[in-house]
Each structure stands twice: as structure tokens, then as C-alpha cells.
Amino acid sequence: MKKIIASVKGTRDFYPEQMAVRTWLYNSLRKVSESFGYQEYEAPFLETLELYAAKSGEELVKEQSYVFEDRSGDMIALRPELTPSLARMIAQKQNELTFPVRWWSFGPFWRYERPQKGRSREFFQWNIDLLGPSSPESDAELVAIAANFFKQIGLSPKNTRIYVNNRRLMESRFDQLGFSAEIRPIVSNLVDRRGKLSSEKWEAFAYEVGLTTSQLAGLKDLLADKELWRESEDLVRLFKVIDSMGISEYVEFDPNIMRGLLYYTGTVFEAFDVTGSVRRSILGGGRYDNLLADVGGDSLPCVGFAMGDVVISLVLQEYGLVPTFDTTPAQVLVTVFSEEFLPDSFALAAELRKGGVNAICYPESQKLNKQFKYADRMRIRMVLVVGPDETSHKQVTIKDLVQGTQQTAERAKAARAVKDMLA
RNA sequence: GUGGCUGUAGCUCAAUGGCGGAGCAUCGCACUGUGGAUGCGAGGGUUGUGGGUUCGACCCCCAUCAGCCACCCCA
């Protein structure tokens, strides 16, 4: 066995087939983003570590970021998320931008963690944010974008659900249950883990972190209360707009949704596959009203979400929703009859391109059957032959591999003839 | 960072501790001006790596690396 230098752990190679899928995903989310009037932008892949230090979760920065010292001694991170960069970009031009700002982006991110199903170290992420307004209706818009994206790629409300909650609502309830400020994050984490543990284990864990029996009972009641949203004016307004936009089938209140990142302040939401085997969240986001001020800008309300490419791809595969693509852009293969015909075949291919046809010329003299086989394998539809017979009559032979038909055309009108046959 | 499972041909997988095989793929030929189909044939391996046990190891033991899966965390 030859030794092939291994790829970096947790990275993926995108062969043309996979690249076509990624591009399709990109185009799908572009379509939805633009239908809501959002503008595409991009941030640097490298940022100072400082940018993430205060705002992101501690684990994300200290354990999961790729960090290195550059030649000047600065600490640089490969971006593990986009939101801090967005906040910086907004803060820098806060007085020039026209608000509300609606921006989206799709690009690579890096997190150092153990690769497993649904998780890689290098992944692509769709980020979309609405900055300026603080209304619950703007939260609803982001939820609607997510729902419309699912619709766009063929995921129905039967398969996919967006669960919505509100951190302020939960915090006021936590107050009533007497959770002190110190154990609040622990309780959030406890809530987050509820779906992953058996109820006995979850309860044992709750006592372990210091909850009293009555607090646990209260928490369980709280998390079971599917009507709790009625007590949050924000959520009442959000669901009203969700309803008016006709996407309520995709959206559901769930008091168990808390989200790990520290900067969320109000509405939070997370989408899951509900009928398939993928347990990880497809996308997640929420309102983060303090982040701009935290990176040195004026305080600015923001709401947004992020979706990684890995989990959504798993879900789409599971439902057979990933289209197959012809990855060869060539419409025509020009064969090379023999060594002497090489320049002429290359000339014909050039003429075809000039005429607006994507054309490959077989790059060396080979048996014709081998060249035809190549066209067949590469799913190139048309094969052109220029041999002695054609040349003497100033013609070309055109074979349609899909139809199995063959005809001759004037050499000078080859591009036109090919286009007619393709139409 | 913790735990579990798996490493055999390009791919998917066989092989009681006793001569490492098959299917698919590749290449050639039938088919010297035409793809798919069929038939025949060929090439391809230090069994992840290093050590140990044994007369003998793909098989048992130890280590190591890699992949997958779960935990942690999260898109």
C-alpha cells in the first residue's frame, strides 16, 4: 500500500460530487436570505483571540479554538464563530450603516473537538442576523427565515420543528423558584441536558448540583408547562406574527430550550429533526442585545441564528432530499481521431467554446472507443468526431449519448448544430 | 479530555492458530471509426504500525496510530 499523507483530523475533502452539494446548499440558503432582503457579507477567517475572550463561552475560547502566535507575537484565532466578528464590523461603522441592518454569510469555521457524527473540526456555517430593532416581530422574522429555508430544501413540518423559548421568561421563573445568581448557569445547563439523560439520572444530577426537592418539583412543572409562553408578552407577539406568516406548523414553544452561548438575552430558538435519528440541533440562535456594547460599540439590539452544514446534510441525507448533480460542466467531448488530428480537434473545441458550448477536447490520441467510454463515464452528452471522412467533406459527426442518435453537420456550423441537439 | 467498537486489494467484506479469498471497480482482449450490455483474461496485499506469545499469528496478548460511535461542549 502506498503511503498517502493523511488529511488533518476533522477536515473533509470536497470531491466534485460533495462540492456540488455544498454549492447547492449555499444557493438554497442564499435564495431564502435574499427573499427576505438580507445582504451577503464576509468577515476574516483570522481574528485576534481577544475578540472572543470576553463574549463567547469559556469552553469555546479556551478548549475549542485553534489559537496560534503569529510572527509578531500576537495571539490569533481561527474563527470558531461569526457573531463577535459581525459585532465588531457593525461597531466600526455604526454611524454609517442604515438600520435595520439585515446581513447573511456562509463560510468556514474551526473548532478543536473530537470529530463524531454531525461534528467536524472544520465546518461551514450559515449566519444570518437582523440588527437594530428589538421587537419580538424581528425575532419572528428570523424564525420565519429558518422555516422558509426548511421549506425551500424540502423538509416538512412533520420532520422538522423550531423550538422557541425566552430567557427572560425563564429567568423570572428561576427567581420565583429561588435560584441564586451563582447557580443560574448551572440550572440552564441542567435544563439543556434534560433531553439527553434518563429522568432518574437527570434528577440525580439536579440534586447533585444543589437543588432542593421543592425546587426540582417546581422546575419540572415549569419545564412541562407548554402554555407558559402566554405569560411572556414577547412570545405572545412572536407567535402571533409566526401565525400570520403561515409557518406556525414549523414552530413550537418549548421551555427546555436554553442555549449555551452566554450572550443571548431574550428569545432563543433551536431547530431539530423530530422523526429521524439525528439528535443534534440543526440550527440555533436568538436575541443578543448586549454584544455590541461588549465589543465597544453603542448598545444595539440584535437577533440572529447560525446553521452548520454538517447536521443539516445528515438530516437531508436521511430523508433522501439531497439532489444528485451532474458534476461535469462539459456538454461536448471532441474526440481525437489520430495523432495528426490533434490540432484540428483542439481547434474545433475552441470554435465550440466561442459559440457558447462547454467543450472538452480529448487531450491525446487514443482509441475512439476509449474516448467514447470517457464521455459516457463523465456524463458528457455529446461526442464529436472529426476524422478523414468528415474533414474531406468539411463536416463533423455529432453523437448524442443520451438519445443514442448520430448525425453529421457542417463543420462551420458545429456549435449551432450541437445547441439545437441539446435543446 | 473520558469511555466503547473497528482496522485485510481502490471500495464493500470473507478466511477453526496451519497455502490470504470473493463481489464490485480498474486494465486488456473479443471490438483497428463509436459509450452503456455480455463473455474471457490480467494486474493489484509486508493483513494500519511496532513489539510479544507460539513449531506456526489476519486470528491470542501489549503498545501505538487512524477511523467510527457515545460523553463533555456545541452549528
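Just so it is clear: chains get the letters A, B, ... in the order the sequence lines come, proteins before strands, and each one is counted from 1. This is a predicted model, so every value here is computed, not measured.
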Novice: Look at A/K373 and B/G36 and indicate whether a side-chain polar atom (N or O) is within less than 4.0 Å of OP1 or OP2.
Specialist: yes
Novice: Quick one: A/I312 CD1 to B/C74 P, roughly how many Å, whole number?
Specialist: 20 Å
Novice: Does CZ in A/F36 sit with more than 12 non-hydrogen atoms of other residues, nucleotides or ligands closer than 6.0 Å?
Specialist: yes
Novice: If I pick the C1' atom on B/A57 and the same atom on B/U8, what distance separates them, to the nearest angstrom?
Specialist: 14 Å
Novice: How far does the C1' atom of B/G21 sit from the matching atom of B/C58, given to the nearest Å?
Specialist: 12 Å
Novice: Name the nucleic acid region contacted by A/R377, choosing base, sugar-phosphate or nothing; use a 4.0 angstrom heavy-atom cut-off, strictly under.
Specialist: sugar-phosphate
Novice: Reckon A/Q406 touches a base, only the sugar-phosphate, or nothing at all at heavy-atom distances under 4.0 Å?
Specialist: base
Novice: Mind checking A/E390 for me? I need base, sugar-phosphate or nothing, with any heavy atom below 4.0 Å counting as a touch.
Specialist: base
Novice: Does this structure show an ion pair linking A/D289 with A/R168, if we count only N-O contacts that are shorter than 4.0 Å?
Specialist: no
Novice: Mind calculating the distance between CG (A/N127) and C1' (B/A75) to the nearest angstrom?
Specialist: 9 Å
Novice: Remember a base hit wins even if backbone is also touched, and classify A/K399 as base, sugar-phosphate or nothing at under 4.0 Å, heavy atoms.
Specialist: base
Novice: Classify the nucleic acid contact of A/F124 as base, sugar-phosphate or nothing, counting any heavy atom under 4.0 Å across all strands shown.
Specialist: nothing
Novice: Mind calculating the distance between CZ (A/F123) and C1' (B/C74) to the nearest angstrom?
Specialist: 8 Å
Novice: Between B/C29 and A/K367, is there an OP1 or OP2 to side-chain N/O distance shorter than 4.0 Å?
Specialist: yes
Novice: So A/A306, base contact, sugar-phosphate only, or nothing? Heavy-atom distance under 4.0 Å.
Specialist: sugar-phosphate
Novice: Using whole Å, what does the distance between atom P of nucleotide B/G4 and atom CD of A/Q116 come to?
Specialist: 16 Å
Novice: Salt bridge between A/E34 and A/R30, side-chain N to carboxylate O under 4.0 Å?
Specialist: yes
Novice: For B/G28, does either OP1 or OP2 sit under 4.0 Å from a side-chain N or O belonging to A/K370?
Specialist: yes
